[in-house]
Amino acid sequence: MTQFDDSDAFEAAATSSLAARAMATAPQGAAPYMEGLNPAQEAAVRQLDGPVLMLAGAGTGKTRALTARIAHLMATGTARPNEILAVTFTNKAAREMKTRVGALLGQPAEGMPWLGTFHAICVKLLRRHAELVGLKSNFTILDMDDQNRLLKQLIVAEGIDDKRWPARGLGSLIDGWKNRALTPEQVPSADHGAFNNQGVKLYGQYQTRLKELNACDFGDLLLHVIRIFQENEDLLQQYQRWFRYILVDEYQDTNVAQYLWLRLLAAGHKNICCVGDDDQSIYGWRGAEVGNILRFEKDFPGAHVVRLEQNYRSTGHILAAASGVIAGNRGRLGKTLWTDGEDGEKVRLIGHWDGDEEARWVGEEIEAMGHGTRGMDPIGPNDIAILVRASHQMRAFEDRFLTIGLPYRVIGGPRFYERMEIRDAMAYFRVVVSPDDDLAFERIVNTPKRGLGDKAQQTIQRMARSNGVSLLEGARLCVETQAIGGKGGRELRTLVDGLARWRGHLNGGLRAVGPVDDLIDEEVEPVGGQLGMSHVELAEIILDESGYTAHWQNDKTPEGPGRLENLKELVKALENFENLQGFLEHVSLIMDNEQDDQEPKVTLMTLHAAKGLEFPAVFLPGWEDGLFPSQRSMDESGQSGLEEERRLAYVGITRAEKVCTISFAGNRRVYGQWQSQMPSRFIDELPEDHVEVLTPPGLYGHQGGMGGQMRGMGASASPVERDMAGSNLHEKAARADVYNSPGWKRLQARQGQYGTRQPTEAKAMTIDAEAISAFSIGDRVFHQKFGYGAVVSVEGDKLGIEFEKAGSKHVVGRFLVAAGQESGQDDGDVPF
DNA sequence: TAATAGAGAATTTTT
DNA sequence: TTCTCTATTA
């Protein structure tokens with residue numbers, strides 16, 4: 001059987017009713033999907049052939065143009081739905097695109113089999129051609145948890161101390177390589193020292209192990225497909241012919257592997273349209289290469305570049321503020337957002353004494369907005385979002401909102417499918433569906449506790465290995481040969497029997513998956529269960545009979561009931577799928593749980609999670625140097641890290657439609673310790689004309705307790721006396737009297753030590769870097785827990801310290817103080 | 001083998 | 001502060 005004897009099926013699928021209908025309903029010249037597009041958008045829609053780069057600023061109707069383009073492709077008969085490859089990053093984006101294309105064409109867009117995320121599309125491809133990379137088509141996809149467990153095993157097997165060299169670190173190292181499309185052999189020598197010189201070797205072992213397990217991780221999905229394309233010229237050409245038009249959303253977020261993948265597929269016809277915004281590239285840390293979008297015209301000579309610059313979302317002041325900030329970045333393609341709407345309110349800036357105060361103020365402000373403040377229409381909770389840099393910032397707001405009874409919702413917290421109970425339950429399903437899924441088996445053998453501890457599990461391992469079978473099979477052998485006796489043995493027998501029985505109920509849902517179905521449509525014909533048990537019932541039975549439900553029922557911790565609730569939700573989610581395997585596939589690729597409830601709620605989320613969203617009112621708290629921009633980003637990636645943070649600021653501001661409020665606090669509790677904070681350098685980059693400095697009312701409650709806190713303050717500490725260059729908004733905020741506080745003054749004084757901050761961030765960077773990583777080998781340092789010691793090694797922000805009392809440790813630099821200065825570290829400015 | 005206590009370490013963002 | 005992991009004890 002050749003690779004392509006199913007091409008008839010492909011052709012047949014092409015005559016979709018969607019395309020037919022699109023053609024029929026699109027009169028020449030006045031296609032409905034073109035209505036209301038501005039000239040730039042229309043240009044982007046009409047330029048169907050050849051490479052197109054659509055530079056779409058925030059709020060410029062990017063999705064609008066993208067979907068219209070798809071509609072146009074179909075309506076003009078240029079491409080049939082299944083000849084369009086449309087890639088997104090998130091499932092949400094894919095879903096939205098599907099819906100909107102459907103809406104434009106006046107009918108559900110079911111016929112677009114190749115609209116999906118990079119990962120989903122790669123899974124589809126890889127299932128068809130798995131054998132070309134030594135996998136079976138029913139390979140499992142590991143999530144991070146599985147990955148870490150596997151890596152830990154390898155690390156331990158190598159005799160490496162997994163405390164000092166944790167699996168997670170190796171995991172991210174490997175992910176990084178995979179993002180760059182590097183196989184173990186291709187890892188550059190500069191990286192060979194990584195992970196105690198063992199990184200590359202372990203990477204190789206990991207890949208071997210994955211193959212043995214018939215599994216792959218997220219990165220592999222891309223890499224395997226790339227390899228298949230590279231090694232099978234005819235196959236690649238076939239797909240190049242099939243995918244006649246390629247569209248890519250959020251192109252600025254693509255990593256090297258994704259870029260290579262796209263380039264391979266587009267190499268023939270070059271009909272590739274990439275949409276993105278270099279100013280919104282905020283995923284560099286996970287491998288995204290802004291360079292991809294910056295380089296587009298070089299990669300595809302003769303590319304048409306279309307700029308979408310008319311903004312339909314935000315007011316003039318908000319746009320101006322955002323533009324002012326982003327202008328500080330170098331290496332941009334450059335866009336100028338404009339609006340013909342109103343100027344609206346200026347961006348509001350306010351400083352607070354500490355983080356709690358900030359949360360309190362935001363809460364009050366939100367309540368006030370509900371009634372309509374300052375002559376503005378009321379803004380309800382649903383229309384308000386608080387966007388933070390790091391998730392731990394959310395706690396202060398959650399606490400505050402809980403006390404005042406303000407309903408809120410957190411987006412992007414611990415994900416549903418990452419919760420322990422859900423992962424356990426899923427592991428059961430996995431073993432039932434694929435009995436040789438060893439990782440899943442390992443997870444559940446002794447969950448709930450069955451008296452099968454380390455020793456018993458090792459016996460199973462040995463049995464499996466010496467017979468060359470899966471762990472489950474090994475376990476069965478252990479039971480039969482009585483290698484494991486006693487209570488554990490009986491329990492194990494029950495488990496093994498149960499798994500076999502449950503598998504027997506995996507009825508007619510197990511349908512032969514052929515390439516034909518694969519190509520035509522994802523929706524699968526329901527195949528009635530001959531044995532009369534639906535997969536939902538089966539799932540319930542598995543959870544009950546395995547004792548897992550009971551395990552949580554007997555649990556006396558406060559989380560117990562919640563976990564049971566989650567399990568119920570899981571079972572409910574199953575109803576939307578035809579069978580267990582379909583569900584598992586879905587879950588391994590999709591990690592979002594959206595539950596939209598009726599009650600209006602304020603949204604609390606990270607800046608990253610907010611990309612692509614918009615709200616009438618946005619709060620941007622915590623604009624303090626070190627927090628935002630994040631110290632870590634700057635330490636790890638220097639100038640480019642800072643620029644990415646600045647893009648994050650830009651993303652944050654441009655989420656706002658009408659009101660944007662930026663705030664910062666002078667003191668913040670970090671890991672239970674009070675720290676004084678400096679206002680973010682981004683605040684000084686806000687164009688003054690578009691910002692209004694607010695004064696929080698009645699802040700002057702904190703009297704007394706200030707004695708001795710002035711220690712270390714310079715004579716020129718008063719913010720008013722200091723002559724700083726540029727438009728120092730935070731200084732203005734300081735003059736608003738709120739900052740006549742010791743913490744604030746000390747900050748000013750400290751800042752004074754390093755001289756006036758310059759507008760060029762390059763300079764500011766150096767200064768800060770010096771201020772932070774002030775340790776070198778031989779320095780005597782002090783650690784809160786370990787006491788005094790000497791620096792013996794420096795690796796980035798990790799320092800090796802030989803402590804006088806506590807022995808040698810590896811510690812993060814920020815937990816250290818130069819000996820002799822430890823007393824002034826963080827006390828003294830504690831409010832109250 | 002399981003439960004518990006206590007230590008030790010550490011905070012970004014996630015398809 | 002809070003979590004996770006380890007060592008200890010039952």
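Heavy-atom basis, side chains included; hydrogens, waters and symmetry copies ignored. Proteins get letters first, then strands, A, B, ... in listed order; numbering begins at 1 in each. Since the structure is predicted, the reported quantities are computational estimates derived from the model, not experimental observations.
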- Per-pair stack call A:Trp285 and B:dT13, 5.5 Å, 30°: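 Yes, A:Trp285 stacks on the base of B:dT13, since the ring centres sit under 5.5 Å apart and the planes are within 30°.
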What pairs of nitrogen or oxygen atoms, one from the protein and one from nucleotides 2-4 of chain B, lie under 3.5 Å apart?
{"unit_1": "B:dA2", "atom_1": "OP1", "unit_2": "A:Gly451", "atom_2": "N", "d": "3.2"}

[X] has an atom [atom1]; how far is it from atom [atom2] of [N], in whole Å?
{"X": "A:Arg168", "N": "B:dT14", "atom1": "CZ", "atom2": "C1'", "value": "12 Å"}
{"X": "A:Asp253", "N": "B:dT13", "atom1": "CG", "atom2": "P", "value": "17 Å"}
{"X": "A:Arg395", "N": "B:dT11", "atom1": "CZ", "atom2": "P", "value": "15 Å"}
{"X": "A:Trp165", "N": "B:dA9", "atom1": "CH2", "atom2": "P", "value": "16 Å"}
{"X": "A:Asn179", "N": "B:dT14", "atom1": "CG", "atom2": "P", "value": "15 Å"}
{"X": "A:Gln675", "N": "B:dA10", "atom1": "CD", "atom2": "C1'", "value": "13 Å"}
{"X": "A:Arg286", "N": "B:dT12", "atom1": "CZ", "atom2": "P", "value": "16 Å"}
{"X": "A:Tyr283", "N": "B:dT14", "atom1": "OH", "atom2": "P", "value": "6 Å"}

- Contact under 4.0 Å: A:Ser172 side-chain N or O vs B:dT14 OP1/OP2: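 No, outside the criterion.
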- Message: Nearest 0.5 angstrom please: A:Met426 CE to A:Ile444 CD1, how far?
- Response: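 The CE atom of A:Met426 sits 13.0 Å away from the CD1 atom of A:Ile444.
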- Are A:Tyr259 and A:Trp261 close enough that their ring centres sit under 6.0 Å apart?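 No - the distance between ring centres of A:Tyr259 and A:Trp261 does not fall below the 6.0 Å cut-off.
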- Task: Report yes if the distance between the aromatic ring centroids of A:Tyr408 and A:Phe397 is under 6.0 Å, otherwise no.
- Result: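 No, too far apart.
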- Task: Return yes if some donor-acceptor pair links the side-chain N/O of A:Asp354 with the main-chain N/O of A:Glu357 below 3.5 Å, else return no.
- Result: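 Confirmed, A:Asp354 side chain pairs with A:Glu357 backbone.
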- Message: Is it the case that the base of B:dT11 and the side chain of A:Arg632 share a donor-acceptor contact (distance under 3.5 Å, atom types as modelled)?
- Response: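 No, the side chain and the base share no sub-3.5 Å donor-acceptor pair.
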- State whether A:Phe139 and A:Arg127 meet the cation-pi test: NZ (Lys) or CZ (Arg) under 6.0 Å from the six-membered ring centroid, and within 45° of the perpendicular axis.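 Relative to the ring axis of A:Phe139, which defines the angle, A:Arg127 lies inside both limits.
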- Taking only the side-chain heavy atoms of A:Ala456 (C-beta and beyond), determine which of B:dT12, B:dT14, B:dT1 contains the nearest atom.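 Shortest atom-to-atom distance from the side chain points to B:dT1.
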- Message: Which nucleotide wins on minimum distance to the side chain of A:Glu636, given the candidates C:dT2, B:dT13, B:dT12?
- Response: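 Out of C:dT2, B:dT13, B:dT12, the nucleotide with an atom closest to A:Glu636's side chain is B:dT12.
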- Checking side chain to side chain donor-acceptor pair (under 3.5 Å) for the pair A:Glu289/A:Asn255: CA distance, chi angles, key distance, verdict? CA-CA 5 Å; A:Glu289 287 279 339; A:Asn255 61 31; over 6 Å; no
- Among A:Arg647, A:Arg286, A:Lys611, salt bridge (charged side-chain N to carboxylate O under 4.0 Å, His left out) partner for A:Asp253: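 By the salt bridge (charged side-chain N to carboxylate O under 4.0 Å, His left out) criterion, A:Asp253 pairs with just one of A:Arg647, A:Arg286, A:Lys611: A:Lys611.
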- Would you mind telling me which residue lines up with the more 5' stretch of DNA chain B, A:Ala609 or A:Gln457, judged by nearest nucleotide?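 Here A:Gln457 is the residue nearer the 5' end.
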- With DNA chain B as reference, determine whether A:Ser630 or A:Lys455 sits nearer its 5' end, using the nearest nucleotide of each.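 Looking at DNA chain B, the more 5' nearest nucleotide goes with A:Lys455.
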- Query: What is the nucleic acid contact for A:His119, judged by heavy atoms within less than 4.0 Å: base, sugar-phosphate only, or nothing?
  - Reply: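 Base contact.
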- How far, in whole Å, is C:dC5 from B:dT12 if one measures between their C1' atoms?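 So the two C1' atoms sit 23 Å from each other.
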